[in-house]
Structure formats: C-alpha cells, structure tokens
Amino acid sequence: MSATPNERKSYHVMEPTDRVPVEVAVGVLIERDAQGREGRFLLTSRPEGKVYAGHWEFPGGKLEAGETVEQALRRELIEEIGITIGEAHPWQTEVMDYPHARVRLHFCKVYTWEGAFEMREGQHMAWQTLPVDVVPVLPGTVPVLQWLAAERAHPGLTHQSPASDD
C-alpha cells in the first residue's frame with residue numbers, strides 16, 4: 001500500500017518535487033496482548049537541534065550506503081533509543097516532501113525488542129493509543145496513524161492538529 005510518488009495527500013507539507021528521496025527506515029514498535037492483538041505504539045519526540053524539533057514521530061533514521069531497511073532500523077534504534085529489535089515486518093512506504101528534504105519512509109512493524117529504553121539524543125518517548133495525545137505530530141507520522149486507525153477500525157480523529165490534516 002504505497003502512495004503514488006506525485007499524489008498529494010492532506011498531510012503533505014508541500015507539493016511533490018523531483019528531488020531524489022533520502023531512504024529512511026522507520027520502526028512502528030507495537031505492544032501485543034496475550035491474544036496477539038496490537039495495542040499501544042511508541043512515539044518519540046525529535047531532539048533539539050534537528051528539523052521539526054519537538055514534533056512526535058516513530059523512531060528510525062537514514063539508510064547508510066549498502067544497508068537494507070532492516071539493517072538501518074536495527075542500527076538506528078540502538079543508536080537513538082538503546083534497544084535491539086527482533087524481526088522487522090515491512091509494512092508501508094510513503095514519500096514525503098519537506099522544505100529541507102524529500103524522504104522515502106519505509107515503515108516496519110516491530111513487536112519484539114530487548115534492552116531498556118534510553119533516549120540517547122535527549123528526546124522523549126510516549127506509549128500511545130488512538131487518538132494520540134502528544135502534540136505536535138510530524139507530518140510523516142500522520143499516514144501511519146491513519147493506517148493504524150484503518151486496521152483497528154478506529155473511527156474519528158487520530159491526532160490533534162491545528163491544521164486539521166486528519
């Protein structure tokens with residue numbers, strides 16, 4: 001379920017560009033109950049000094065040369081939040097144009113991890129359900145919340161937004 005590269009969505013911050021996208025691996029860490037049903041998911045805030053500092057997102061980062069999405073996700077989650085993930089389940093892909101960059105976000109669901117969470121970049125973390133109560137939400141996070149809402153048959157808003165982009 002991927003968006004057409006030039007299809008404008010309500011959560012896009014600008015018109016699509018012809019810039020080459022930066023490849024980004026993103027972890028959607030989800031807790032499961034005893035029956036295997038998906039529950040809360042983890043959001044982290046973008047650290048001070050980064051573009052969109054303070055905005056809430058799913059953790060991850062750029063692929064380095066020669067890395068697969070899963071390799072990049074493993075490295076990034078150790079570097080950023082101090083955990084080692086189990087299997088990464090490829091889920092969705094979305095291209096987002098921001099004023100500073102065009103990114104292709106490779107979202108993977110992750111259900112198992114080891115280690116204690118450490119916010120190694122000074123960011124914050126919050127376990128969330130729909131609708132999320134943290135603000136502001138990074139535009140690239142909005143489609144994930146919408147996909148989760150569709151899968152969970154969650155009616156109504158997925159997040160709070162002054163721009164009403166839900």
- Query: Can you hop from Phe107 to Val110 via hydrophobic side chains spaced under 4.5 Å?
  - Reply: no
**Prompt:** Quick one: are Leu43 and Val132 in side-chain contact, heavy atoms under 4.5 Å?
**Reply:** yes
Tyr98 meets the ring pair (Phe, Tyr, Trp, His ring centres under 6.0 Å) criterion, sequence neighbours left out, with Tyr52, His100
d(Glu23 CD, Leu105 CG) to nearest 0.5 Å is 9.5 Å
Original post:
Any side-chain heavy atom of His106 sitting closer than 4.5 Å to one from Gln92?
Top reply: no
Looking only at side-chain N and O atoms, does Glu94 offer a donor or acceptor that is under 3.5 Å from a partner on Trp147? no
| message | Check whether Glu80 reaches the backbone of Pro59 with its side chain - one donor and one acceptor, N or O, closer than 3.5 Å. | response | no
Here the ring pair (Phe, Tyr, Trp, His ring centres under 6.0 Å) pairs for residues 59-82, sequence neighbours left out, are none
On a heavy-atom basis, the closest approach of Arg104 and Val95 is NE-CG2, 4.0 Å
- Would you check if Val28 and Trp91 make a side-chain contact, meaning some heavy-atom pair closer than 4.5 Å? yes
Heavy atoms of Leu130 and His154 approach each other most closely as O-CE1, 3.5 Å
Same hydrophobic cluster for Val26 and Leu77, using side-chain heavy-atom links shorter than 4.5 Å among ILVMFWY? no
Which word best sums up how the rings of Phe41 and Phe58 line up, parallel for under 30°, tilted for 30 to 60°, or perpendicular for over 60°?
tilted
>> I'd like to know if the side chain of Glu151 and the backbone of Leu148 have a donor-acceptor N/O pair within less than 3.5 Å.
In response: no
* **Basic-acidic side-chain contact under 4.0 Å: Glu121, Arg46** => no
4.5 Å side-chain heavy-atom contact, Val69 and Cys108 | yes
CD (Gln71) and CD (Glu64) are apart, to the nearest 0.5 Å, by 10.5 Å
Indicate whether the side chain of Tyr111 and that of Glu31 have a donor and an acceptor atom separated by less than 3.5 Å. no
- Task: Check for a donor-acceptor pair, side chain of Asp97 on one end and backbone N or O of Thr17 on the other, with a separation under 3.5 Å.
- Result: yes
In short, Trp127 meets Leu29 closest at the heavy-atom pair CZ3-O, 3.8 Å
Heavy atoms of Ala88 and Leu73 approach each other most closely as CB-CD2, 4.0 Å
- Query: So do the side chains of His159 and Pro131 get within less than 4.5 Å of each other, counting heavy atoms only?
  - Reply: no
d(Ile81 CD1, Arg120 CZ) to nearest 0.5 Å is 9.5 Å
- Query: Would you call Lys62 and Glu76 a salt bridge, taking side-chain N to carboxylate O under 4.0 Å as the test?
  - Reply: no
| Quick one: are Ile30 and Arg40 in side-chain contact, heavy atoms under 4.5 Å? | no
- Between Glu38 and Lys109, does a side-chain contact (heavy atoms from CB on, under 4.5 Å) hold up when you go through it step by step? CA-CA 10 Å; Glu38 293 184 3; Lys109 286 186 176 182; 3.0 Å; yes
Smallest heavy-atom separation, Gly54 atom then Ser45 atom, equals O-CB, 4.3 Å
Side chain to side chain donor-acceptor pair (under 3.5 Å), that's the test. Do Trp56 and Gln123 meet it? Break it down for me. CA-CA 10 Å; Trp56 290 86; Gln123 73 274 48; over 6 Å; no
Open item on the list: Contact between Ile83 and Ile78 at the side-chain level, heavy atoms closer than 4.5 Å - yes or no?
Closed with: no
(request) Kindly check if the number of other-residue, nucleotide or ligand heavy atoms within 6.0 Å of NE2 (His124) is above 12? (result) no
query = Would a 4.5 Å heavy-atom cut-off, applied to side chains only, mark Thr44 and Glu57 as touching?
reply = yes
query: Hey, is the main chain of Gly86 close enough, under 3.5 Å, to the side chain of Arg74 for a donor-acceptor pair?
result: yes
- prompt: Have Asp133 and Gln128 got a donor and an acceptor in their side chains that come within less than 3.5 Å?
  reply: yes
Rounded to the nearest 0.5 angstrom, the CG-CZ distance for Leu42 and Phe117 is 5.5 Å
Inset, instruction - Take atom CD of Glu114 as the centre, draw a 6.0 Å sphere, and report whether it contains more than 12 heavy atoms from other residues, nucleotides or ligands. - result: no
Output for pair (Arg75 CZ, Thr84 OG1), nearest 0.5 Å, gives 13.5 Å
Inset, instruction - Just do the side-chain contact (heavy atoms from CB on, under 4.5 Å) check on Val137 and Val142 with the steps written out, would you? - result: CA-CA 7 Å; Val137 173; Val142 173; 4.3 Å; yes
